[in-house]
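Computed from a prediction, not measured in an experiment: that's the story for all the values here. What's counted below: heavy atoms across the whole structure, side chains too, no hydrogens, waters or symmetry copies. Each chain gets a letter, A, B and so on, in the order its sequence line appears, and its residues count up from 1.
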There are 2 protein chains.
Amino acid sequence: MISSRYNPNQRVTVAVDCVIFGFDSEKLKLLLFKRKIDPFKGSWSLIGELIDNDVSLEDSANQILYKLSGLDNVYLRQLKTYGAVERDPLERVISVVYYSLIRIDEFNLKSTESHDAHWFDFEEIPELILDHGQMVKDAIRRLRLRARNRPIGFELLPEFFTLPQLQTLYESIYNTEFDSRNFRKKILSLGILNKTEKKDKSSSRKGAFLYQFKEKSLDNSSMNNGDFDKIREVIQF
Amino acid sequence: MISSRYNPNQRVTVAVDCVIFGFDSEKLKLLLFKRKIDPFKGSWSLIGELIDNDVSLEDSANQILYKLSGLDNVYLRQLKTYGAVERDPLERVISVVYYSLIRIDEFNLKSTESHDAHWFDFEEIPELILDHGQMVKDAIRRLRLRARNRPIGFELLPEFFTLPQLQTLYESIYNTEFDSRNFRKKILSLGILNKTEKKDKSSSRKGAFLYQFKEKSLDNSSMNNGDFDKIREVIQF
DNA sequence: CCAAAAGTGTTAAGCATACACCCATGC
DNA sequence: GCATGGGTGTATGCTTAACACTTTTGG
């Protein structure tokens, strides 16, 4: 093994961990894993890997998700890097954490993984190893922050979805309830949705119209500040 | 040198870099340094160091600032971690970047540093090494984002300051101008300032009242969303 | 026909914006 | 006495928030 040319004495291991959020049309969920190696084998944790020498941080995170699910191009953002000296008891490990938003309906765990993984409701998140609990708290806070300023969560829904579903998603993110009239007004005023003529009748007899995001608007549009603003940190995670 | 117990083949060096913002009562500035080692010796860059094995990321950043200026307890936040494979031509280096806000009036560069460092106006920022230019852009965007939601920038002012100074600071952060009546109304309505009876006459004959931040409000208060909102990304950095 | 969810409009309050003049002082 | 920057109030439009009833349809 070759040591650093800049500093031969540095001994630091770098890992990437992923906070994976999903939405099943009713609740926002978090994907957790039973750790397969010691220390803490068998405890719940985020999924992660040590990085390879020739893979960027972002690609590392993408690879983790791809290996897990076969999904490519998932929504993935860097959250924060955790670098306390003693955070891992075995050796100095610095963890660069990403969070991702995925559509549970498109997400199929590879069978080898599936019995070691579980989607948790937020109220049921178990004790996590190391500082993973803090990572999850930070990720939720970030998700809320982002959802205030941008039409996030579109990554969490299937291509066609109803307004009640979208409202439920936002209610789930902020752990609160919205007035449906105001919610629809605001969302529709953004002009980023295409209404289709189809209805989804899976959750009511009347059926709700299906909408789709206008492709182009996804990247560009940022909602006015103040959107979905009434709600802030209703529950402290 | 001992290799990682988790992955003996990993060879990654970890550095911490700091984006240092300062304010001199007129303009927001950025502190840059002439790099002292190869590669790129002599080019402008952020200041940074490889981390020590037994120092946390945050402490590393604090130490960098302390060594530089003797200042302790400066405002310091993690920005982002940069981990492209080829970002440093010599070897794989991952850089965890922090940004800090300091009061230039309290900040005295140690003499050994001072001739290799310079405060730059934003319009005059030179070409920087590696991806440091991107880091600065990201830091400015983050600073603006934070200033929207919180009474930031109080770290950038001396203990006693005038409202025109505070307004100049915000104008400098957003690269725009505010209406002074609206600005004062908004700031004062936050209830986080103590007015003193003293005046600062350094910039006008009439003199401007000095204000001070209410200690307690610094941490807790977060401004309403929408404050200082008119301005968004007026200039694209 | 009834239960259950979808869909729809109006009003009131608060907030952001635009805008122009007097004040205090040192020189 | 005048030039310079500090300080102040009001009117308008927009955005948000509160609020209740009708529609559709499967069973």
Query raised in the report: Can you check whether A:Glu123's main-chain N or O pairs, donor with acceptor, with A:Asp121's side chain at less than 3.5 Å?
Result: no
Query raised in the report: Which parts of residues 160-167 of chain A get close to DNA chain D, meaning a heavy atom less than 4.0 angstrom away?
Result: none
Query raised in the report: To the nearest angstrom, how far is B:Tyr211 atom OH from D:dG6 atom P?
Result: 12 Å
**Report entry** Ring-face cation of B:Lys186 near B:Phe183 (centre distance under 6.0 Å, axis angle within 45°)
**Finding:** no
**Report entry** Value in whole Å for how far the P atom of C:dA5 lies from CZ of A:Phe178
**Finding:** 20 Å
Report task. Report the end-to-end axis angle of the helix from C:dC1-D:dG27 to C:dC27-D:dG1; each axis comes from five terminal pairs, and the value is rounded to 10°. Result -> 0°
**Report entry** side chain to side chain donor-acceptor pair (under 3.5 Å) partners for B:Arg181, two or more places apart
**Finding:** B:Asp179
**Report entry** Separation between CG of A:Leu79 and OG of A:Ser100, rounded to the nearest 0.5 Å
**Finding:** 11.5 Å
Query raised in the report: Do the two ring centres, one from B:Phe213 and one from B:Phe161, sit under 6.0 Å apart?
Result: yes
Query raised in the report: Should the ring pair A:Phe122 and A:Phe21 be called parallel, tilted or perpendicular, given that the plane angle runs from 0 to 90° and is split at 30 and 60?
Result: tilted
Requested in this report: Determine, stepwise, if the pair B:Val74 / B:Leu101 fulfils side-chain contact (heavy atoms from CB on, under 4.5 Å).
Outcome: CA-CA 7 Å; B:Val74 285; B:Leu101 307 180; over 6 Å; no
Query raised in the report: Should the ring pair B:Phe120 and B:His118 be called parallel, tilted or perpendicular, given that the plane angle runs from 0 to 90° and is split at 30 and 60?
Result: perpendicular
Requested in this report: Please tell me which of A:Arg181 and B:Leu188 maps to the more 5' nucleotide of DNA chain D, matching each residue to the nucleotide holding its nearest heavy atom.
Outcome: B:Leu188
Query raised in the report: Is it true that atom NZ of A:Lys34 has more than 12 heavy atoms of other residues, nucleotides or ligands lying nearer than 6.0 Å?
Result: no
Report task. Rounded to the nearest angstrom, tell me the gap between atom CD in B:Glu26 and atom C1' in D:dG5. Result -> 13 Å
Query raised in the report: Between B:Glu155 and B:Arg77, does at least one N-O distance fall below 4.0 Å, as a salt bridge requires?
Result: no
Query - D:dG7 phosphate, OP1 or OP2, under 4.0 Å from B:Arg184 side-chain N/O - result: yes
Report summary line: When rounded to the nearest 0.5 Å, the distance separating CZ of A:Arg142 from CD1 of A:Ile140 is 13.5 Å
Query raised in the report: So, are A:Glu124 and A:Lys29 salt-bridged, with charged N and O less than 4.0 Å apart?
Result: no
Tabulated below should be each protein N or O lying under 3.5 Å from an N or O of nucleotides 21-23 of chain C; please produce it.
unit_1: C:dC23; atom_1: O2; unit_2: B:Lys206; atom_2: NZ; d: 3.2

Query raised in the report: Atom CZ of B:Phe183 to atom P of D:dG7: distance rounded to whole Å?
Result: 12 Å
Requested in this report: To the nearest Å, give me how far apart CG (A:Asp179) and P (C:dT10) are.
Outcome: 15 Å
Query raised in the report: In Å and rounded to the nearest 0.5 Å, what is the SG to CD1 distance from A:Cys18 to A:Ile102?
Result: 10.0 Å
Pairs under 3.5 Å (N/O, protein and nucleotides 10-12 of chain D):
unit_1: D:dT10; atom_1: O4; unit_2: B:Lys185; atom_2: NZ; d: 2.8

**Report entry** Closest heavy-atom pair and its distance - A:Tyr211, A:Leu163
**Finding:** CE1-CG, 3.5 Å
Query - Distance (rounded to the nearest 0.5 Å) between B:Ile187 CD1 and B:Phe178 CZ - result: 9.0 Å
Requested in this report: Could you identify which residues of residues 195-205 of chain B place a heavy atom less than 4.0 Å from some atom of DNA chain C, listed by residue number, or say none?
Outcome: B:Lys201, B:Arg205
Query raised in the report: Does the side chain of A:Gln134 come under 3.5 Å of the side chain of A:Asp138 through a donor N or O and an acceptor N or O?
Result: yes
